[in-house]
Amino acid sequence: QVQPVESGGGSVQAGGSLRLSCAASGYTYSSGSMGWFRQVPGNEREGVAAIDSVGGTRYADSVKGRFTISQDNAKNTLYLQMNSLKPEDTAMYYCAADGWWLLRKTYKYWGQGTQVTVSS
């Protein structure tokens, strides 16, 4: 059973940084991607960043140049380095495994989420 578990969320002031981690025990990279998504109450969950098994990456336009997705295959761990955070980045962030880039509905496995709050 694959169960992603996120950590690293918290509260930070605008301009600050956070690094999210996702331990995906039981997951073996296939042809799919792992990704980070975020959701604000009342809105749909949106793709933030995704990475495939050979390190290819894609980002939402809103985070390009500020966020970096990476992975440690040996540890089955996914990371999201978030710099220059803005209040509009405030959301619950979810890790997902075995999907297709930033297409939310294609992902099979989801974590429970970690809250990121950015104050102005």
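Between the side chain of S33 and the backbone N or O of W101 there is at least one donor-acceptor pair closer than 3.5 Å. Side chain of Q81 to main chain of T68: no donor-acceptor pair is present (N/O by atom type, distance under 3.5 Å, no hydrogens or angles). With hydrogens and angles disregarded, no donor-acceptor distance shorter than 3.5 Å links the side chain of S84 to the backbone of G15. Checking side-chain atoms of T106 against main-chain N and O of G99 turns up no donor-acceptor pair under 3.5 Å. A donor-acceptor pair under 3.5 Å is formed between the side chain of D89 and the backbone N or O of K86. In this structure, Q115 contributes its side chain and T90 its backbone to no donor-acceptor pair below 3.5 Å.
Within the 4.5 Å cutoff, side-chain heavy atoms of T114 are placed close to those of L20. In this structure, R38 and E46 have side chains that are in contact, with non-hydrogen atoms separated by less than 4.5 Å. Contact check for M82 versus V116: side-chain heavy atoms found under the 4.5 Å cut-off.
Of all heavy-atom pairs spanning A91 and V40, the tightest one is CB-CG2, 3.9 Å. Across all their heavy atoms, P87 and A14 have their closest contact at CD-CB, 4.1 Å. Taking both residues in full, the closest heavy atoms of G56 and D52 are given as N-OD1, 2.6 Å, listed atom of the first, atom of the second, then distance. The heavy-atom pair separating N83 from S17 by the smallest distance is OD1-OG, 2.9 Å.
Atom CG of L80 is separated from atom CD of E6 by 11.0 Å, given to the nearest 0.5 angstrom. Expressed to the nearest 0.5 Å, how far CG of L78 lies from CD1 of I69 amounts to 4.5 Å. Rounded to the nearest 0.5 angstrom, D72 CG and S21 OG are separated by 10.0 Å. Between atom CD of residue Q71 and atom OG1 of residue T77 there is a gap of 10.0 Å, rounded to the nearest 0.5 Å.
In the hydrophobic clustering of this structure, L85 does not group with Y94; members are Ile, Leu, Val, Met, Phe, Trp, Tyr whose side-chain heavy atoms approach within less than 4.5 Å, directly or through other members. There is a path of hydrophobic side-chain contacts, each under 4.5 Å, that joins Y93 to V63. V48 is connected to Y109 through a chain of hydrophobic side-chain contacts under 4.5 Å among Ile, Leu, Val, Met, Phe, Trp and Tyr, so both are in one cluster.
The side-chain hydrogen bond (donor to acceptor under 3.5 Å, both in side chains) search around Q39 returns R45, not counting sequence neighbours.
Among pairs with a residue in residues 34-83, those fulfilling ring pair (Phe, Tyr, Trp, His ring centres under 6.0 Å) read F37-Y107, F37-W110, at least two apart in sequence or across chains. The salt bridge (Lys or Arg N to Asp or Glu O under 4.0 Å) analysis of residues 105-120, with sequence neighbours excluded, yields the pairs D98-K108.
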> What's the verdict on side chain to side chain contact (heavy atoms under 4.5 Å, CB included) for C95 and M34, showing C-alpha distance, side-chain angles and the deciding distance?
Replying inline: CA-CA 8 Å; C95 172; M34 290 191 73; 4.1 Å; yes
> Do Y27 and Q3 pass the side chain to side chain contact (heavy atoms under 4.5 Å, CB included) test, and can you show the C-alpha distance, the side-chain angles, and the key distance before you say yes or no?
Replying inline: CA-CA 8 Å; Y27 179 66; Q3 180 56 63; over 6 Å; no
